[in-house]
Amino acid sequence: MNIDDPDHPGDKLLQLLRDNEIDLNVVEGLRLVVAFRKIKDPADRRILIELAERLVK
């Protein structure tokens with residue numbers, strides 16, 4: 001995902017967060033949410049959830 005691409009509303013939010021020096025964990029979490037919303041296959045969503053859960057630990 002290219003966060004410099006202004007065509008995606010989530011990307012505009014991420015750019016705003018980055019420009020205002022918001023905690024990088026918050027930015028990465030929001031990138032995860034944006035990516036999750038783009039995934040249509042439930043199995044792929046489950047994989048993303050499992051990866052996020054492992055990262056939290």
Verify same cluster id: Val34, Ile39 (apolar side-chain graph, 4.5 Å): no
Can you tell me how far the NZ atom of Lys38 sits from the CZ atom of Arg45, to the nearest 0.5 Å? 13.0 Å
Reported CZ-to-CG distance for the pair Arg46 and Asp41, which is rounded to 0.5 angstrom: 13.5 Å
What are the two closest heavy atoms between Ala52 and Leu32, and how far apart are they? CB-CD2, 3.6 Å
Linking Ile, Leu, Val, Met, Phe, Trp and Tyr through side-chain heavy atoms less than 4.5 Å apart, which residues share a cluster with Leu51? Ile47
Applying side-chain hydrogen bond (donor to acceptor under 3.5 Å, both in side chains), can you list everything that pairs with Asp19, at least two apart in sequence or on another chain? Gln15
